[in-house]
Structure formats: C-alpha cells, structure tokens
Number of protein chains: 2
Amino acid sequence: MTGSGADWPPRVGRTEKGKGFPMTVTPRGEAGARAATISDVAALAGVSPGTASKALNGRGRLRPETRERVLDAARKLDFRPNAMAQGLLSGRSFTVGLITTDSVGRFSLPVLLGAEDALGAGRMSVFLCDTRGDRIREQHYVRTLLERRIDGLIVTGRRTDPRPPLVLPAPVPVVYALGPSTDPADVSLVPDDAGGARLVVDHLLATGRRRIAHLTGPAHHSAAAERAEHTTLALRDAGAELSGGRVYFGEWSEAWGRQAALIALRADPDVDALFCGSDQIARGAADALREAGRRVPSDVALVGYDNWKVMAEASRPPLTTVDMNLTELGRTAALRLMSAIEGQPAGGVERLPCRLVIRESTGVAAEGGPSPLRG
Amino acid sequence: MTGSGADWPPRVGRTEKGKGFPMTVTPRGEAGARAATISDVAALAGVSPGTASKALNGRGRLRPETRERVLDAARKLDFRPNAMAQGLLSGRSFTVGLITTDSVGRFSLPVLLGAEDALGAGRMSVFLCDTRGDRIREQHYVRTLLERRIDGLIVTGRRTDPRPPLVLPAPVPVVYALGPSTDPADVSLVPDDAGGARLVVDHLLATGRRRIAHLTGPAHHSAAAERAEHTTLALRDAGAELSGGRVYFGEWSEAWGRQAALIALRADPDVDALFCGSDQIARGAADALREAGRRVPSDVALVGYDNWKVMAEASRPPLTTVDMNLTELGRTAALRLMSAIEGQPAGGVERLPCRLVIRESTGVAAEGGPSPLRG
DNA sequence: GACGGCTGGGAAAAGGGTTTCCCAGCGCCT
DNA sequence: AGGCGCTGGGAAACCCTTTTCCCAGCCGTC
C-alpha cells in the first residue's frame with residue numbers, strides 16, 4: 001500500500017498489493033490486429049471521421065456516392081463500432097444487470113431466460129450476477145454494475161417470498177421478478193398464485209370432485225401460504241370444505257407427498273382429490289396412492305403445481321398442474337424495465353396469471369395435452 | 001432509408017427506419033443527478049484530475065495528505081469510476097461473454113454458475129447470451145459481444161456432444177465447456193465420462209457384483225456412447241462381461257429406465273447390478289425392480305449418473321451416482337479463459353474427473369452420504 | 001453582379017479517466 | 001553560489017465515436 005485508505009473505491013484491474021498493472025500492458029490472445037476504428041474507415045474512404053460516422057449512421061446530408069464509399073471501407077475493414085465509446089458519449093450503456101439473489105434455481109431460471117430473451121430483442125446486453133444469497137456479494141455486484149453504468153436492473157430470487165429492496169447508492173430503474181420487494185413503491189412482478197389455486201379448485205369442482213385435500217410445503221413459505229389460503233377461500237365460495245378440515249403443510253418433497261397422502265387418506269377415506277402445492281409433492285402422492293390401492297384419477301384426482309416437466313410427465317399418471325408462466329414473467333419484467341428506462345414511471349406489484357395444464361391425473365380429455373416429443 | 005445499404009453495420013440504438021434517435025435524448029429513470037466524475041473529485045480536493053487519478057489508484061508520488069484529501073472528496077461525492085471510460089483507454093473491458101448454445105439446461109446451468117463465480121472473483125463481469133440453438137441468434141450475439149469489446153468468450157451447450165467452433169470475425173480467446181469444439185486446436189473442457197464409467201464399474205466389482213448390465217440413452221449421444229464404451233472396456237479389463245451381452249441404448253427417461261430394467265431382467269435373470277446412464281433412467285429402473293419384486297441393493301445394485309439431487313435422493317432407495325462436477329468444470333473454464341486472456345497459449349481437450357457419490361442403492365455405508373436437510 | 005439558400009463535408013469538442021512528460025521548488029553538497 | 005537530485009503535482013495527449021457548428025462552393029434570382 002502506498003497510501004492509507006488508498007483502496008477506495010475498489011478499482012478494476014488492480015492487484016492485491018494495490019499497485020495495479022499498467023493498463024497499456026494488455027496482452028491479447030492473438031497479438032496485434034487492433035480492431036478497425038472509424039478513423040481507419042474514414043481514411044480509407046478519403047473522408048473525415050465525422051463524415052464517416054454520418055455515413056454509417058444515416059445522419060446528416062451526404063452524397064450517395066460518398067456514403068457508399070464509406071460503407072465499402074467499413075465492410076472492407078470489418079469495422080465494428082466500439083460500444084464503450086458510444087456509451088461514454090451517449091450516457092447509456094445498453095446493458096442491464098440481472099441479479100439473482102439466491103442462486104439460480106428451478107424457478108428463477110425460466111424467469112432469467114425470459115428476461116434475457118426480451119432484453120436481447122431490445123438490443124440490450126445482460127450482465128448475469130449470482131449473489132448466492134450473500135448480502136456482501138450482492139453489494140459487490142451492485143457496485144460493479146453501477147461502475148459499468150447499467151441502464152437498469154432486474155432482481156430475481158429463487159422463491160416468491162418478498163425480499164427487502166436492493167440498496168442502491170445511485171438511482172437506477174429496478175424491477176423485481178418472482179420475489180417482490182417489500183417496498184410497495186418498487187416495481188414487482190409475481191405469479192398470481194391466488195388465481196392459480198382458484199384455477200385448480202374450479203377445475204376439480206367442475207369435474208365433480210367434492211372432497212378436496214390440500215398438501216403443500218412449509219407454511220412460512222409465501223407460495224405455500226398463499227395457495228393454501230386461496231384454495232380454502234375458493235372452496236368456501238363454492239360451499240365446499242377442505243377435506244380433513246385443514247391444510248397439510250410440510251416440505252416441498254416427494255417424501256412429504258407420500259406421507260401427506262397417507263395422512264389425508266386416513267383423515268378422510270372418502271377424499272376424492274388431492275391438490276398438491278408442488279409437482280414433487282404430487283408425484284410422491286401419486287406413488288403413495290398407487291401403493292395404497294387407490295387409482296388415479298378414477299378414485300382420486302391429483303393436481304400438482306409448477307408444471308415441472310420431468311416431474312409432471314414422469315409421474316404415473318402424468319400430472320395436471322399449474323404453470324406459472326415464469327418465462328413470460330421474466331419477459332414482462334424486461335419490458336417493464338425498458339419502459340422504466342425510457343422514463344415511464346411505474347410502481348407496485350403486478351400479478352401475472354397462471355395457466356392450468358391438464359393431464360391424465362384429473363381424468364379429463366387433455367386439450368393440447370402432453371406431446372410425446374416434448375420434455 | 002437515406003442511402004442504399006446504410007444499415008451496415010448494425011448499430012445500437014437505432015430505429016427501424018435507419019434514422020436512429022439522437023443519442024443525447026436519453027431520459028433516465030430519475031432525472032438529473034449526474035454521477036460524479038473524477039474532475040468533480042479533483043475540483044473538490046483542489047487538485048487536477050490527473051492527480052486525483054493517481055491518488056485513487058495509488059500511482060505516482062503524492063503527499064499522503066493530498067491523497068487523503070482526494071479520497072475524502074471521492075467518498076463525499078460517492079465517486080464511482082466509469083468503467084466504459086476506463087475500458088476505452090485500456091483496451092480491455094473486463095467483461096466476457098457466456099454463450100450457451102442450446103438454451104440453459106440442467107447440465108449447462110451449473111457450468112454457467114461455476115464460470116460466473118470464478119469470473120466474478122476475477123473482477124470480470126459476464127454477459128449472458130442464450131442462443132437457443134439458433135445459428136442466426138448466435139451470430140447476432142457474437143457481433144454484439146465484439147462491439148462491446150469483450151475480453152473473452154465461454155461457450156457451453158446443454159450436452160457433451162461436440163459442436164462446430166464459433167465463427168468469430170475477430171480474434172478473441174474462447175473456451176468451450178461441456179460441449180467441446182470439433183476443432184482440436186480450440187480449448188475445450190469436458191467431464192471425463194470414461195473415468196466416470198470406470199469409477200462405477202470398479203465400485204460395483206469391488207462390492208462383489210459380477211453380472212452388470214448397462215442401461216443408457218440414445219447411442220448417438222456422445223455421453224451415452226462414451227460411457228457405454230468404457231463400461232464395456234472396464235468390464236473386459238476385469239475379465240467380466242456385460243450382462244445381456246450388450247448395452248441397452250434407449251432414451252434419457254424414466255419410462256425407458258423402467259422398460260430397460262425389465263428387458264435386462266428377462267435377458268439375464270441373475271443380473272446383480274444395473275448401471276444406468278442417467279439418474280432418470282436409474283430411477284425408472286428402481287421403480288421397475290421394486291415392482292418386479294427385486295430388492296435394491298440386496299438383490300440388484302443400482303447406479304445412476306449425473307447426481308441430479310431431486311432424482312437421486314428421491315429415488316427409493318437413494319441412488320449411488322456419478323457427479324460430473326459441472327460447477328467445477330465451469331470454474332475451470334473461467335480460469336482457462338482468464339489465462340488465455342493474459343496471453344497464456346493453450347489448446348486441446350481437457351477432461352475433468354468425475355466423482356462417485358455413494359448412496360444406498362449399492363448397499364455400501366455411504367461416506368458423507370445424503371444429508372436429510374439437503375435437496 | 002450581389003446576394004441568399006442549399007449542399008456536402010470538415011474541424012473540433014465532448015464524454016471520463018489514465019498516463020506521460022515536464023516543471024517548480026526545495027534541500028544538500030561542494 | 002551553483003549544481004544536482006528528488007518530490008509533488010500539473011498540462012496535455014490519448015482512447016473512439018458522435019454531434020454541433022461552420023464554411024466553401026454552387027446555383028438561382030433579382
């Protein structure tokens with residue numbers, strides 16, 4: 001250390017000892033062959049750099065012949081404008097950060113891919129940051145992203161539980177996807193689990209089921225709690241009651257699904273439908289039901305949640321389940337972010353509808369059901 | 001269009017009509033509040049920008065007091081150096097592209113996270129690009145990344161099958177992870193499936209199994225073919241033969257696992273071990289064995305591949321399986337890339353060792369076995 | 001013929017940070 | 001007193017692209 005406290009702010013390209021290495025000494029994989037600049041193009045075309053810029057961007061008034069000469073030169077030199085120079089001047093980087101707070105899981109992945117897709121279509125590049133649930137790491141990424149002058153930020157978590165808002169030292173548009181911010185002024189996008197639960201209850205009632213049990217994950221997970229609450233409400237609205245008189249909270253596992261199914265059978269031997277809070281639980285339930293001699297769907301209908309293909313389709317029988325449209329959610333998050341970047345003000349939690357995917361476990365002719373080629 | 005062919009090269013921030021919008025008209029979410037520059041810091045500290053730069057970076061010779069004044073000013077203004085300006089000057093962006101060629105799947109995800117982790121530790125930011133198997137999209141991303149002057153590129157696919165090398169119009173270090181390049185001069189990192197197969201065969205032989213069948217995926221998948229080949233070789237080396245006299249190629253599905261297990265039982269009723277090319281196949285086999293009245297592991301040992309937790313641990317009994325250490329593979333890919341960026345020449349395919357995870361399905365006391373809280 | 005307007009294009013600044021070169025001032029030695 | 005060397009810091013160039021401003025030349029018109 002040459003001076004005290006000289007390590008603030010943290011700098012890119014600096015060694016442990018705080019000396020750094022001269023930034024001009026930057027060996028490249030293949031040496032030499034500096035990329036062509038617009039001055040090179042201009043020189044080859046016999047014009048000034050300014051004119052070349054106009055030609056390449058269709059600005060200003062140029063003789064068609066001149067414009068063509070410049071374009072030819074650019075093609076010849078394989079000119080590719082330096083986005084950093086453009087960004088420096090324009091004040092926009094055309095990049096956004098995608099922070100996943102709790103590692104990338106089964107749920108956050110589709111969100112992430114949907115967002116990446118929509119942003120790519122909007123000519124934005126995406127910085128991926130996986131904080132693995134570490135607040136320190138999160139702050140590190142936030143600083144890095146701000147140094148890179150990202151235009152906006154998408155925050156996603158592995159579950160739907162609310163999270164405290166990101167601490168941002170500078171004003172940048174942020175959209176929360178999947179796990180909403182606890183600050184209602186923030187823009188958050190979540191799957192409409194209440195609607196999802198109602199889809200399932202309506203479907204089961206419509207197909208003649210009356211004694212419906214609900215097996216789900218831990219009560220302290222908002223996903224489990226919300227689905228359970230609205231399952232109960234939807235049944236009450238229809239004048240029905242939950243089989244067993246209560247929700248079976250437990251874990252998000254097949255083992256719990258097997259166990260809970262047996263408990264539900266014991267509590268109400270005439271139960272005719274199990275609505276499970278996840279496909280894993282439903283699959284466990286399917287195994288337990290089969291081994292207990294109950295046929296699905298003729299004796300008991302079975303519904304899962306998540307439309308996790310490998311579970312839902314490998315289950316015997318394949319599961320009717322709720323698809324949260326997470327890719328679409330990610331895509332929407334990206335669109336909201338781009339609006340915010342353009343200056344459209346927004347705020348609040350937006351709930352995106354779920355979709356019921358009907359397969360054999362509820363014994364209804366599946367419309368557009370499972371294609372044998374998918375998976 | 002103002003001129004013919006004026007849309008080359010494609011530009012960021014440009015409208016359909018080729019007119020573009022003035023880049024100065026860039027509304028920001030929260031208006032005003034321009035980020036502090038080093039000149040602001042210098043002014044507040046009463047020094048020149050050059051001196052401020054030296055103070056912040058620990059370069060040059062400065063009086064400790066001056067340095068401290070600059071650092072104070074930077075803190076006060078919440079100064080954050082503009083990475084684009086730094087990159088412009090240094091010629092390095094400290095970013096890398098992470099191209100996943102065939103969408104992000106179960107296998108590519110850990111690779112991607114491992115790479116992101118290692119790169120983040122190296123102060124590099126990661127551009128995520130999902131080409132979804134589309135060559136056009138791939139070229140689009142390559143162009144975008146080159147405009148952003150990435151320092152390097154990691155290419156990963158969803159499977160281990162070789163892929164044709166990326167078409168790069170400019171020389172940039174590239175590392176292929178999981179799916180190797182068909183060009184042997186490229187740097188590729190793949191899991192050592194041959195070694196993985198041998199781990200399994202050795203384990204089964206060591207625990208007294210002699211009649212070992214191999215059930216796996218499609219023969220045209222290199223993962224299936226390579227594991228099958230080395231399973232056969234390893235058995236031959238030990239003086240044993242494959243139960244049934246052949247490899248059971250099929251699909252990567254539980255349904256095939258169930259079916260293949262029955263076939264293997266019929267072909268060789270005394271079979272005492274099933275080595276499956278994936279955990280999904282193994283899980284199907286586990287179900288089929290149980291339903292056929294064979295006990296696992298006492299009658300038949302069962303081994304999977306992939307160490308896909310939700311499959312391996314939910315299987316009854318939990319599966320002994322091969323872990324390809326994909327996160328480690330991603331991390332290694334990132335390290336190789338950083339070496340290449342620093343100028344270390346390299347080339348060829350590097351195979352990273354797999355790891356045998358022992359659970360109950362082979363009936364051996366598991367060392368550091370399945371924790372009930374994981375998954 | 002003088003002037004106005006248009007066309008095509010150049011010069012220069014701006015954006016933010018780093019580095020090189022240079023210089024003023026000071027202490028020390030002879 | 002003069003010369004030397006060191007210290008601390010400033011001026012300016014540079015990275016690359018875009019944009020603004022300006023100008024030369026030309027045509028048409030009165």
* **Basic-acidic side-chain contact under 4.0 Å: B:Arg336, B:Glu342** => no
* To do: With sequence neighbours excluded, tell me which residues meet salt bridge (charged side-chain N to carboxylate O under 4.0 Å, His left out) with B:Asp72.
  => B:Arg75
Show the distances under 3.5 angstrom between N or O atoms of the protein and N or O atoms of nucleotides 22-28 of chain D.
none

* Apply the test side chain to side chain contact (heavy atoms under 4.5 Å, CB included) to residues A:Asp117 and A:Thr327: give CA-CA distance (whole Å), side-chain angles for both, the deciding distance (0.1 Å), then the verdict. => CA-CA 9 Å; A:Asp117 186 41; A:Thr327 301; over 6 Å; no
* **From D:dC14, D:dC16, C:dA14, nucleotide with atom closest to B:Leu89 side chain** => D:dC14
* Within this structure, what is the CG-to-P distance between A:Asn57 and D:dC16, rounded to whole angstrom? -> 17 Å
* Structure fact -> The contact string for nucleotides 7-13 of chain C, one letter per nucleotide 5' to 3', using protein heavy atoms under 4.0 Å with B, S and - for base, sugar-phosphate only and none, comes out as -BSB---
* Asked: Roughly how many Å is it from CG in A:Leu88 to C1' in D:dC16, rounded to a whole number?
  -> 9 Å
* Determine the contact category for A:Thr37: base if any of its heavy atoms lies under 4.0 Å from a base atom, sugar-phosphate if only primed atoms, P, OP1 or OP2 are that close, otherwise nothing. => sugar-phosphate
* Test: A:Arg137 and A:Asp130 ion pair at under 4.0 Å -> no
* Asked: Would you call B:Arg163 and B:Glu138 a salt bridge, using N to O less than 4.0 angstrom?
  -> yes
* Charged N to carboxylate O below 4.0 Å: is that the case for A:Glu147 and B:Arg123? -> no
* Asked: Got a salt bridge between B:Arg132 and B:Asp102, using NZ or NE/NH1/NH2 to carboxylate O under 4.0 Å?
  -> no
* Is the shortest side-chain N/O distance from B:Asn82 to OP1 or OP2 of C:dG15 below 4.0 Å? -> no
* To the nearest Å, give me how far apart CE (B:Met84) and P (D:dT18) are. => 14 Å
* For B:Arg59 and C:dT19, is the shortest distance between a side-chain N/O and OP1 or OP2 below 4.0 Å? -> yes
* Asked: What is the bend of the helix from C:dG1-D:dC30 to C:dT30-D:dA1 when you compare the axis at one end with the axis at the other, using five pairs each and rounding to 10°?
  -> 80°
* **Between D:dT17 (C1') and B:Arg149 (CZ): distance, integer Å** => 11 Å
* Hey, could you give me each pair passing salt bridge (charged side-chain N to carboxylate O under 4.0 Å, His left out) that has a residue in residues 39-51 of chain A? Not counting sequence neighbours. => A:Arg34-A:Asp40
Result block: side-chain N/O donor-acceptor pairs under 3.5 angstrom for residues 42-51 of chain A, not counting sequence neighbours:
| from | atom 1 | to | atom 2 | distance (Å) |
| --- | --- | --- | --- | --- |
| A:Ser48 | OG | A:Thr51 | N | 3.3 |
| A:Ser48 | OG | A:Thr51 | OG1 | 3.1 |

* Figure out the CD1/P separation between B:Ile38 and D:dC14, and round it to whole Å. => 19 Å
* Structure fact -> Tightest non-hydrogen contact, residues A:Arg80 and A:Asp78, listed as NH2-OD2, 2.6 Å
* Structure fact -> Between the CZ atom in B:Arg143 and the NE2 atom in B:His140, the distance rounded to the nearest 0.5 Å is 7.5 Å
